[in-house]
Amino acid sequence: MSETRDPPTLRHRNNHLPYDVVLNILGQLPVKSVMRLRCVSKSLYSSIASPDFISTHLNNNNINHDNARVIHIESESTRVINRQVCMVALARTFDRISEIGVPVDFPTRCVQIVGSCNGLLCLADYPPGNVVYLWNPSIRRFKKLPPTCLGLLKHVTLGFAYCSENNYYKVVRTSGSSLSTSEIEVYTLSSDSWKRVEISVTTDVIFCKNLVSPIPFVSGALHWMASVKEENRMMETDIMAFDVNGEKFRKLALPHGSIDGPLLQRCVASFRGKLAFFEESGFQYSIWVMGDYGVVESWNKLFVVPFERVSCWISLTDYGSLMVWYRNDQAAGQGYKHALIDIETLQEKKDPDIQHPSYVAAFMESLVLLDETDVESY
């Protein structure tokens, strides 16, 4: 009869797991659990705060899209104090998950979500957009950006982006008035500094801000609707794209077949990782998606969303949930109501957990900003 042996896990129960196996296990855990385990040892504390571990943990979190989330904040605050509160919700239904208090005070009562990349939020005062913070609610850390090199600008627009090529986070700040080389600047987190960007533009460009929706970041570029006037030509509407890696602007034409003339709304957004263009005509939205980025011929009108009353577009999640608000029955004293529409099925959720005009952005938990030294904790 052969000798019965204990399983290796029992015979060697007192042995330590290899360190790389421990880190691999930690890379699968939620942010809160990882943050608690930093206290186990100095070596673990150092490893968790390393860029390699932060990147690995981020990639593991990006794999699961089933429970995608958004974060939103009221664009017209009714609070007496300047300290704001954000709501975290499911991206498909906007069902509320939690509330997160903004840890800093802004000089204005309105705070805008400039953008969201890998769990890192960019917030700014509105108007005018001169005080800017980076904030990761998951690890309770934030950073106030240094003063801009251009100072006060009129009609400021801000964009937030991530450069995967070099792991840089950037904030782009420009004037909404006529574009010039003296009115464009870029902040880079790795250098913690602003710099002017020399852009050769031979046309007059006026940026149009997306109401309360962040400037979309798609295919390595930030995108604005813009009024463009070329020499000896009439003013026309185009999309201006800013490549955050090469720090250069390019012009993208609107879809062939989009409606000319005065429209109540024209917006750009991100839809399933691709550039989307919205136009409103009458009581419907037409939604175009650029299948092959940069190729004008690849614009396709994928969705038409009809309405029975005048509505105002607020945001579109990457999963196709369209948030709008519309005028309700004034006789009943209802004021304005919000609705959430699935653009593929046209099913409407009439009473989502959001009933104020709000800035909306994608949200996920991450450790980004944990390896930065010049940050504040709370």
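These numbers were taken from a predicted model, which means no experiment stands behind them. The first residue of the sequence shown is numbered 1, and numbering continues consecutively from there.
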| Can you tell me if OH on Tyr45 sees more than 12 non-hydrogen neighbours from other groups inside 6.0 Å? |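 No, not enclosed.
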| More than 12 heavy atoms of other groups within 6.0 Å of Glu165 CD |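 Atom CD in Glu165 is crowded, with more than 12 foreign heavy atoms closer than 6.0 Å.
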Straight-line distance of [X] [atom1] to [Y] [atom2], nearest 0.5 Å:
X: Leu121; Y: Tyr133; atom1: CG; atom2: OH; result: 14.5 Å
X: Leu90; Y: Ile97; atom1: CG; atom2: CD1; result: 4.0 Å
X: Arg140; Y: Trp135; atom1: CZ; atom2: CH2; result: 9.5 Å
X: Met364; Y: Arg69; atom1: CE; atom2: CZ; result: 10.5 Å
X: Leu23; Y: Thr56; atom1: CG; atom2: OG1; result: 9.0 Å
X: Leu44; Y: Tyr19; atom1: CG; atom2: OH; result: 4.5 Å

With distance as the sole test, does [X] use its side chain to make a donor-acceptor pair with the main-chain N or O of [Y] at under 3.5 Å?
X: Ser358; Y: Val360; answer: no
X: Gln112; Y: Asp125; answer: yes
X: Asn59; Y: Ser55; answer: yes
X: Lys195; Y: Val186; answer: no
X: Asn136; Y: Ser366; answer: yes
X: Asn118; Y: Leu120; answer: no
X: His223; Y: Ala221; answer: yes

| task | Identify the residue among Thr93, Asp342, Asp95 that makes a side-chain hydrogen bond (donor to acceptor under 3.5 Å, both in side chains) with Lys349. | result |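 Of the listed residues Thr93, Asp342, Asp95, the side-chain hydrogen bond (donor to acceptor under 3.5 Å, both in side chains) partner of Lys349 is Asp95.
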| message | Checking Lys143 now: which residues fulfil salt bridge (charged side-chain N to carboxylate O under 4.0 Å, His left out) with it, not counting sequence neighbours? | response |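 Partners of Lys143 under the salt bridge (charged side-chain N to carboxylate O under 4.0 Å, His left out) test: Asp192, Asp374.
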Common cluster, [X]/[Y], ILVMFWY with side-chain heavy-atom separation under 4.5 Å:
X: Val304; Y: Met323; answer: no
X: Leu29; Y: Leu370; answer: yes
X: Leu346; Y: Leu302; answer: yes
X: Val295; Y: Trp288; answer: no

| Check against salt bridge (Lys or Arg N to Asp or Glu O under 4.0 Å), Arg196 and Glu185 | CA-CA 4 Å; Arg196 297 189 182 193; Glu185 58 185 341; over 6 Å; no
| How far apart are the C-alpha atoms of Ser50 and Asp52, what are their side-chain angles, what is the distance that settles it, and do they pass the side chain to side chain donor-acceptor pair (under 3.5 Å) test? | CA-CA 5 Å; Ser50 69; Asp52 286 343; 5.7 Å; no
| Taking the six-membered ring for Trp, are His338 and Trp325 parallel (under 30°), tilted (30 to 60°) or perpendicular (over 60°)? |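 Tilted: the ring planes of His338 and Trp325 meet at 30° to 60°.
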| Is the Tyr162 ring parallel, tilted or perpendicular to the Tyr169 ring (thresholds 30°, 60°)? |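 Tilted: the ring planes of Tyr162 and Tyr169 meet at 30° to 60°.
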| request: Return the set of residues passing side chain to side chain contact (heavy atoms under 4.5 Å, CB included) with Tyr168 (not counting sequence neighbours), or none when no residue passes. | output: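 Only Cys163, Asn166, Lys170, Thr188, Ser190 meet the side chain to side chain contact (heavy atoms under 4.5 Å, CB included) criterion with Tyr168.
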| query | Looking at Ile314 and Ser213, what are the two nearest heavy atoms and their distance? | reply |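 So the minimum-distance heavy-atom pair works out to O-CB, 3.4 Å.
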| What about the rings of Phe307 and Tyr285, do their centers lie closer together than 6.0 Å? |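 Yes - the distance between ring centres of Phe307 and Tyr285 falls below the 6.0 Å cut-off.
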| With a 3.5 Å cut-off and no angle check, do the side chains of Asp318 and Ser270 form a donor-acceptor pair? |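 Note: Asp318 and Ser270 side chains meet the donor-acceptor criterion.
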| message | Is a donor from one side chain sitting under 3.5 angstrom from an acceptor on the other, for Trp224 and Thr157? | response |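 Their side chains do contain a donor-acceptor pair, which is all the 3.5 Å distance test asks for.
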| task | Name all pairs fulfilling the salt bridge (charged side-chain N to carboxylate O under 4.0 Å, His left out) condition that reach into residues 26-49, sequence neighbours left out, sorted by first residue then second. | result |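 Output for this query is empty, none listed.
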